[in-house]
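Let me begin by presenting the structure, written as structure tokens, before commenting on it.
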Amino acid sequence: MSATTSHAILVTGAGGQLGTELQRCAWPQGYEIVAIDHDTLDLRDSEAIAAMVASRPFAAVINGAAYTAVDKAESDVVTAWAVNAMAPAAFGEACAKAGIPLVQVSTDYVFAGDRQGAWEVNDPVAPLGVYGASKLGGELAVRTSGARHVIVRTAWVVSAHGHNFIKTMLRLAETRDTLSVVADQHGAPTSAADLANVLMTITQRLVEDEDAPPGTFHFSNAGSISWADFATEIFRQSGLRGGPTAEVVPIPSSDYPTPAVRPANSRLSHSAIYAAYGIAPRDWQAALSDILDELIGATQ
Ligand SMILES: NC(=O)C1=CN([C@@H]2O[C@H](COP(=O)(O)OP(=O)(O)OC[C@H]3O[C@@H](n4cnc5c(N)ncnc54)[C@H](OP(=O)(O)O)[C@@H]3O)[C@@H](O)[C@H]2O)C=CC1
Ligand SMILES: Cc1cn([C@H]2C[C@H](O)[C@@H](COP(=O)(O)OP(=O)(O)O[C@H]3O[C@@H](C)C(=O)[C@@H](O)[C@H]3O)O2)c(=O)[nH]c1=O
Ligand SMILES: [Mg+2]
């Protein structure tokens, strides 16, 4: 730790979308981000998690890692629960012992998506698949761990890095003229960079202000669209940059069978995060534009 560092923040998922962006954030002076990847710490190892948290005087932990392969989780239940539920439990226990706050990230997939309107933080959860259920297990473990904590549920995370819907669409468009995309699942995308900034703000508050509001919050970019709408705008903005384009054919989910069932309504209300932290998201189109600037280059 350098002489000027007073707050070391342990971040998991260093190689993932969120972990990458957390390392790119403009953290305030005095903060040091200790970002660890899968090779450094396997989250299936609860004892290794405890040892890592106790290894130096961290000021907070952000658990940005997760088992995010939604379909694969359906047939890899034990690993999904180990990473998404048991690891947060181990972080909760270790953070409670160390007396430091834990920031956990969760998902819209804890909801069944069977109602209209945006989901509020206290709405009833009823995950449709193993991924959502295991993430809910992680939420419950953190809530009951005794650690001071914030849980941020987000949705449809995208960035210029890692695996995500934008990169999949651009890759498929390289070889196909038309793409069939589901039009009956609604939500809003979330820029991993915007989410990282939100988690930075909340973590800083938790570290510096013991009265910072704990609990569960929702964050995504602003808007309400279907995956087909998202794909259409990806190709419109990609085309403006000379990038790949394809015609999007809207289809029902029944025409795109997958092992895991996805919620029809993933819209997340921002009222709680605004009330507690004054955080209001920008529109998803602006966030998409920044990501395509990075992936393809700025508009000519
Ligand atoms: N992606 C999305 O659309 C959404 C994500 N979220 C949540 O946001 C958070 C961040 O997601 P995102 O950045 O997109 O996820 P990514 O899939 O991009 O990254 C997850 C990271 O977790 C790591 N990881 C997985 N298993 C282990 C393990 N056993 N030990 C150590 N590390 C492991 C992965 O490493 P490796 O690849 O080496 O296994 C990867 O670097 C997660 O909590 C996720 O559940 C919520 C809603 C939507
Ligand atoms: C590639 C493709 C996907 N789809 C559909 C499948 C799915 O319903 C939707 C999005 O595809 P994805 O593979 O990105 O879906 P998925 O991996 O389920 O995305 C989810 O990931 C987890 C980690 C979360 O927490 C969620 O918020 C959500 O972002 O688009 C098509 O209709 N056509 C296509 O060509
Ligand atoms: Mg996926």
Side-chain angles (χ1 to χ4, degrees), residues 11-22 35-45 48-49 52 62-74 76 79-80 82-88 103-111 113 127-129 131-132 134-136 138-139 151-159 161-173 176 178-193 195-196 199 218-220 226-231 246 248-264 266 268:
V11 171
T12 65
Q17 297 192 81
L18 175 60
T20 298
E21 296 297 344
L22 280 166
I36 52 174
D37 62 15
H38 199 149
D39 291 339
T40 310
L41 175 68
D42 188 333
L43 294 179
R44 292 170 297 181
D45 185 345
I49 290 174
M52 176 62 75
I62 304 175
N63 184 25
Y67 187 110
T68 54
V70 174
D71 287 320
K72 203 169 151 221
E74 294 295 310
D76 195 5
T79 312
V83 177
N84 292 344
M86 293 305 288
V103 177
Q104 170 69 14
V105 186
S106 193
T107 173
D108 53 318
Y109 283 21
V110 299
F111 294 113
L128 299 173
Y131 167 75
S134 64
K135 292 293 292 185
L136 177 58
E139 290 190 9
I151 296 168
V152 177
R153 294 190 188 122
T154 186
W156 300 18
V157 174
V158 286
S159 69
H161 313 277
H163 300 286
N164 62 67
F165 188 78
I166 298 175
K167 292 181 71 181
T168 303
M169 288 297 112
L170 295 178
R171 189 184 66 244
L172 293 175
R176 304 207 338 227
T178 62
L179 289 173
S180 299
V181 183
V182 300
D184 54 3
Q185 295 168 25
H186 293 88
T190 306
S191 152
L195 175 63
L199 299 187
H218 290 171
F219 181 79
S220 66
S226 70
W227 289 108
D229 297 331
F230 191 21
V248 175
V249 179
I251 54 167
S253 298
S254 53
D255 286 357
Y256 196 88
T258 51
V261 179
R262 271 91 173 153
S266 281
L268 298 175

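When a residue number appears, it is its place in the shown sequence, counting from 1. Just so you know, ligand 1 is whichever comes first in the structure, and atom 1 is the first atom listed for that ligand. Given the structure is predicted, the values throughout are model-derived calculations rather than measurements.
Ligand 1 has no N or O atom lying under 3.5 Å from any N or O atom of D108, backbone or side chain. When only interatomic distances are considered, the shortest N/O to N/O separation between K135 and ligand 1 falls below 3.5 Å. Ligand 1 has a nitrogen or oxygen under 3.5 angstrom from a nitrogen or oxygen of T68.
The shortest heavy-atom distance from M169 to ligand 2 is under 4.0 Å.
For ligand 1, the atoms sitting less than 4.0 Å from at least one non-hydrogen atom of V83 are 26 (N), 29 (N), numbered in the order shown with element in parentheses. Interface atoms of ligand 1 facing D42, defined by a heavy-atom separation under 4.0 Å, are 28 (C), 29 (N), 30 (N).
Salt bridge annotation for D71-R262: present, with a cationic side-chain nitrogen under 4.0 angstrom from a carboxylate oxygen.
Closest heavy-atom approach to atom 19 (O) of ligand 2 within the set Y67, F165, Y131, Y109: this belongs to Y109. For atom 33 (N) of ligand 2, the nearest non-hydrogen atom from the set S266, S226, G129, S180 comes from S180. Relative to atom 24 (N) of ligand 1, the option among S220, A66, G16 with the closest non-hydrogen atom is A66.
Heavy atoms from other residues, nucleotides or ligands lying under 6.0 Å from CE of M86 number 12 at most.
With a 4.0 Å heavy-atom cut-off, ligand 1 is reached by no atom of D39.
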